[in-house]
Each structure stands twice: as C-alpha cells, then as structure tokens.
Amino acid sequence: MPAPTTAIQPTRHEDFPEWYQQVIAAADLAENSEVRGCMVIKPWGFGLWERMQQTLDRMFKQTGHENAYFPLFIPLSYLEKEAAHVEGFAKECAVVTHHRLEAGPDGKLMPAGELTEPLVVRPTSETIIGAAYARWVQSYRDLPILINQWANVVRWEMRPRLFLRTAEFLWQEGHTAHETAAEAREETERMLAVYERFAREFLALPVLTGEKSESERFPGADRTLCIEAMVQDRKAVQAGTSHDLGQNFAKAAGIKFLGRDNQEAFAYTTSWGVSTRLIGTLVMAHSDDDGLVLPPRIAPAQVVILPVTPKEDTRTAVLEACDRLAAELESREFAGERIRVRIDKRDRQGGAKTWEWIKKGVPIRVEIGPRDLASGTVLTARRDLAPKEKTSYAATEFAEKVPSILAEMQENLYQRALAFREAHTRKIDTREEFYAFFTPARPDKPEIHGGFAWTHWCGDPAVEEQIKADLKVTIRCLPFEHDGPGTCPFTGKPSPQRVFWAKSY
RNA sequence: CGGAGCGUAGCACAGCUUGGUAGUGCGCCUGGUUUGGGACCAGGAGGUCGCAGGUUCAAAUCCUGUCGCUCCGACCA
C-alpha cells in the first residue's frame, strides 16, 4: 500500500465531518459504544478531560467555589416546577420507571417493581440542587452558596456526534445562590470570564463573549452568557455558558430567606457549565490533516521520547539516555507546571510509533539513538511543523529550550486560530450580502463557506426565525464589545448593536 | 418521525445481478531478516455472513418480516 500523503483521510477540505471522526479514531480519543449516542472515552481522550478538570477546578476554587455532589436521579415532579425549564428539556429526558428485573414467561428479563413516581436522569441539576438549597438557606447569613459539581448528565439527543453532542456527557455545573440580583449578575459574568480565560490561555482558543438572544436562552434563565468559538469549517461552537437565573428557580424550589430588613425574600441563583464538548471544539479548531494538534498547556504529554534501538548492544545505553532526558525535562517547568514527558519503549517499528504520536498531537517528539549517544545530541520534531522536519540539538541545550518552544507553540496556535477567525468574520450591512455569505456555491455537496457575520439586528425574534429557516444560521451572541447602534438590514428598523450570526454545532 | 445508504473476521471491504466448500487488505500470533521516512519474507490463529421466518436437494446470495448503524432532514442551553 502506498503511503498516503496525509495521515488522515479524507482531508478537512474534502469532507470535514468525516475528517473529524477520523481524527478522533486516529488519535485514539474515543469511540462510539453499543448504546446509541454514548461514547467510550479512551485514555488519551480522558487525559485531555483530566487536564481540563484540573485546570478549571483550580480556577473555580480560586474564585471561592467548593465541590459537592448531588443525585443522578431527579423526581419527575421537580422538573415540572419551572415552566420554561420543563418545556426546554422534556423532549430529551431519559426516565426511570422500574427498579427491578424479573424473568418473563419466555425467560427474558422484564422490568418490574414500578416506581410510584418516575425518576428523570438529570439533564442538568438546577431543580434538585435548588431543592437542597431551599433546605440550607434560612437567613441572608447563609448566602452566598458557591458550589460546583463534576458530573455526568443525559440528554436524549436525536443526532449525536462524538464529544460535540452525546446522549451522556461529562461536565461541571456551578450552582450559586445570592442575596441580591447584582451579586448574581456579577457571579454570572465572573464565571464567563473564567471560561474565556481558560479557552484563551489553555486551549489556545479565541472566543467571542456575549449574551444569547431570547430564543437561544437557557430554559428558565433571565440571561444566558456564552463563549463561542469558530472551528475550521467556519461554524460556531458554543463552548461554555453562564446563566443568570434571577429568582425563577428560587421561586420554583422555594429558596427563601429572612433578609437584613427582616423581610422574607427569594434568593437569586446562577448556573454555569462546560462539558466534554470542549474536547470536540479543541479537535475541530486546531487539528490538521495529519491528526490531532494539542496546545501544550492542555496536552496530557508535552514531550514524547522515542528510543531508537537498532542494535542489541546499544539498547540499554539508549534507554538509559532516554530516562535521563525524561528526568531532566520533568525537573523543569512550563507555564507553572512540571513538564509532562512520556517515553515510548514499546516494541514497535520506529516510523509507526512516530506517526502514532503525530496523530495524537503531542507537541514535541524526541528521537534518541546510538548516533546521538556518540555525539551527545537529540533529534527533535514539532507538531506544528512538517512531520519530516527535524532539528538536532545538544541534549543539555534542548532541555533548557523546551519551555520556550512549548510557549512559542502555545502562542502560535492561538494566533493561528485568531487569524482564521478574523479572516472569516465579516461586517455585513445588506440582506443580499448576508444571504450570499451563507449560501454555498455547490448546494448538493456544500463546500466550507461562510463564517461569522457581524450584522445589525432590530431585536425581532421573527427575523431570527426566518433566517434560521432560510439558511440554518442563528445568532450566536450579542457581543459585549460592539460599535454602537445602526440599522437592521432585514427590517430597516433601528438596531441597538451588531450581533454575531453563524451556522453552529 | 420522514428520505437515502449500509449490516460478511478486531478494522476496512469484496462476493449477491446468474443460489453450489467463506474471500481480500490491514491488524493480531510465531520464526527470521530489518529498524533515525508509516518494514519485508515465511508460517499461523480468527466467521452462527445482524436476527427470525420462507422458497430450495442446497441460501451470504432469492422472498417476507424485524432489529441496528451511518448520512441528510426534523429536533437540539
């Protein structure tokens, strides 16, 4: 079989959705399971999630939050308490109705022992956490409550996609309760800023920050803030959300307290979350036609050392040199953390191992063989350069340089993603240009097209609805930063600000 | 829930039109030769052809039903 020109086929340009799935398979991140919509997250994929968890968890603690854990099952009646919330989630709930299995007449197991009240597998935990907070809060002195939980949730999605939309997914959900509306608002904005910083500094992802329009708002929220990323097919991914729930859930759950004025009042609550969808976003944003590309700060391993052991008599010496280099690197820091190193000692063909690590997206590869032992050098390669492009360093010099190489790669990835987004973001002021921007040249097999349109909008939901029906384009957010009022090109009415429109996942 | 396609070895697929011993490539195992640009040679293991019924001397192949998956829609903080 002739060696393919790229490790991943098809390429991004040939078939983006298929490329995405191939990258996940080639990088060994995850696979579909026997249960539709559910995925098995493999060690390399889970390693990414662990890195995200560790980092975000630290940031949550720094902003005053603690972790706790609430039940997987929610009494059906809880979900009914908030009207908009039911409507938003009712169509995608897994429901538990029985608690036992019995052998039927044909010997097959049948559900038995019907529950008096069906239980919903949490699609999100506002209601059950709200019920707990209602028990915990009596006085303004009990506030604020600042809690986060790391959990799995289930939403029975019609069309799942690995990481981006799965029936079960892992996430964190922060739930806070406050004395005043202003505090809740501040909390919502503070956590969105945490997400923005995490995306930028760790995932090398530039994200838009802003507010959702009413039609895209979280069911039951007064205000939904979001970060939105652009990925390489120019679509938008909602990468994180932060909701100001006002008093809606407090009233539904009965979170009330006696205030400083000796009056009973309802608390103001917020919720905010990011999920394993971030992994899908990361893949779609940075990877190339040779597989995954990982920003160093989130990579489970930042350097992989590949021993080259062609001859038995030098094998031990080579492996020892690899151990020494690993120890040397691990004693150094990049971005405030010890450098993460792996040595791949598996009994496999060298070229095959190299390509495996390219596909897994490890930032730096190092080969050490007998020739290096003789000359005191190492042969290195970077994931952001061509696979064959290799640089030889003196071993000691290399170890010193690794932190700056990683820093440079991290920055390059961010700048590349930012340049990509800017190249595909357009200020549009006419309906014609807007429609042309989002219409592919080949409707039968649409090429990668469009991007973010920065366009005025009068605020009428009917306009959103029409555009969604015509083009499958929605408002991604009303950005915090904008250039002031103007005219809506769809209605001719005044518009308070430009908003971002895009096709989305 | 509608439209299209697909279910054959761990993976990717051929074989089906015209019924007749279950195939190919990759991967896996063993031995040898190799190894800094995805190795090569030889031998080997691995299958209730999604499931159920029907036609037939004989079904992966034809017929009926059924289940599942993928893609496109509908749906989706």
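Here is how names work: the chains are called A, B, and so on, in the same order as the sequence lines, proteins then strands, and each is numbered from 1. Since this is a predicted model, take the numbers as computed values, not measurements.
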Exercise. Between B:C76, B:G38, B:U70, which nucleotide has the shortest distance from any of its atoms to the side chain of A:Ala352?
Worked result: B:G38

Main-chain N/O of [Y] paired to [X] side chain as donor or acceptor, under 3.5 Å:
| X | Y | answer |
| --- | --- | --- |
| A:Gln247 | A:Phe266 | yes |
| A:Glu157 | A:Arg165 | no |
| A:Ser275 | A:Arg277 | yes |

For this session: Starting at CG of A:Leu29, measure out to CZ of A:Phe163 and round the result to the nearest 0.5 Å.
Result: 5.0 Å

Exercise. Quick one: CZ on A:Phe89 to CD1 on A:Ile74, what's the gap to the nearest 0.5 Å?
Worked result: 10.0 Å

Exercise. Tell me, which of residues 274-294 of chain A have any heavy atom that sits under 4.0 Å from an atom in RNA chain B?
Worked result: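 None, since no heavy atom is under 4.0 Å.
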
Problem set entry | Any residue of residues 368-397 of chain A with a heavy atom less than 4.0 Å from an atom of RNA chain B |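 Here the set is A:Gly369, A:Pro370, A:Arg371, A:Asp372, A:Leu379, A:Lys388, A:Lys390.
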
Rounded distance in Å - [atom1] ([X]) to [atom2] ([N]):
| X | N | atom1 | atom2 | result |
| --- | --- | --- | --- | --- |
| A:Lys353 | B:U34 | NZ | P | 19 Å |
| A:Glu367 | B:G36 | CD | C1' | 5 Å |
| A:Glu87 | B:C76 | CD | C1' | 14 Å |
| A:Tyr505 | B:C75 | OH | P | 19 Å |
| A:Arg36 | B:G68 | CZ | P | 10 Å |
| A:Lys472 | B:G73 | NZ | P | 4 Å |
| A:Gln9 | B:A12 | CD | P | 16 Å |
| A:Glu18 | B:C6 | CD | P | 16 Å |

I'd like to check [X] versus [Y] (side-chain heavy atoms, cut-off strictly below 4.5 Å). Are they in contact?
| X | Y | answer |
| --- | --- | --- |
| A:His175 | A:Leu146 | no |
| A:Val95 | A:Leu119 | no |
| A:Gln232 | A:Trp19 | yes |
| A:Val318 | A:Val308 | no |
| A:Asp222 | A:Asn248 | yes |

Using atom [atom1] in both nucleotides, what's the gap between [N] and [M] to the nearest angstrom?
| N | M | atom1 | result |
| --- | --- | --- | --- |
| B:G65 | B:A9 | C1' | 28 Å |
| B:U8 | B:C51 | C1' | 14 Å |
| B:U17 | B:U21 | P | 13 Å |
| B:G37 | B:A22 | P | 46 Å |
| B:G43 | B:U48 | C1' | 28 Å |
| B:A60 | B:C16 | P | 14 Å |
| B:C71 | B:G20 | P | 34 Å |
| B:A52 | B:G46 | P | 23 Å |

Kindly indicate whether a cation-pi arrangement holds for [X] with [Y], taking the cut-offs as under 6.0 Å to the six-membered ring centre and within 45° of the axis.
| X | Y | answer |
| --- | --- | --- |
| A:Lys42 | A:Trp44 | no |
| A:Lys81 | A:Tyr78 | yes |
| A:Arg498 | A:Trp454 | yes |

Quick one: label [X] by what it contacts on the DNA or RNA (base, sugar-phosphate, nothing), any heavy atom closer than 4.0 Å.
| X | result |
| --- | --- |
| A:Glu126 | nothing |
| A:Trp156 | nothing |
| A:Glu356 | nothing |
| A:Phe16 | nothing |
| A:Pro310 | base |

Exercise. Pick the nucleotide of RNA chain B nearest each of A:Gly350 and A:Thr124; which residue has the one closer to the 5' end?
Worked result: A:Gly350

Problem set entry | Toward the 5' end of RNA chain B, by each residue's nearest nucleotide, A:Gly351 or A:Thr309 |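 Looking at the nearest nucleotide for each, A:Thr309 comes out on the 5' side.
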
Exercise. Taking only N and O in the side chain of A:Gln21, is any of them less than 4.0 Å away from OP1 or OP2 of B:C71?
Worked result: yes

Exercise. Under 4.0 Å between a side-chain N/O of A:Gln349 and OP1 or OP2 of B:U35, yes or no?
Worked result: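 Answer is no, no contact under 4.0 Å.
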
Exercise. A:Thr224 pairs by side chain to side chain donor-acceptor pair (under 3.5 Å) with which of A:Arg217, A:His243, A:Lys212?
Worked result: A:His243

Problem set entry | Stems where RNA chain B pairs, listed by first number, each of three or more Watson-Crick or G-U pairs under 3.5 Å |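 RNA chain B stems, ordered by first number: B:1-7 with B:67-73, B:10-13 with B:23-26, B:28-33 with B:39-44, B:50-54 with B:62-66.
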
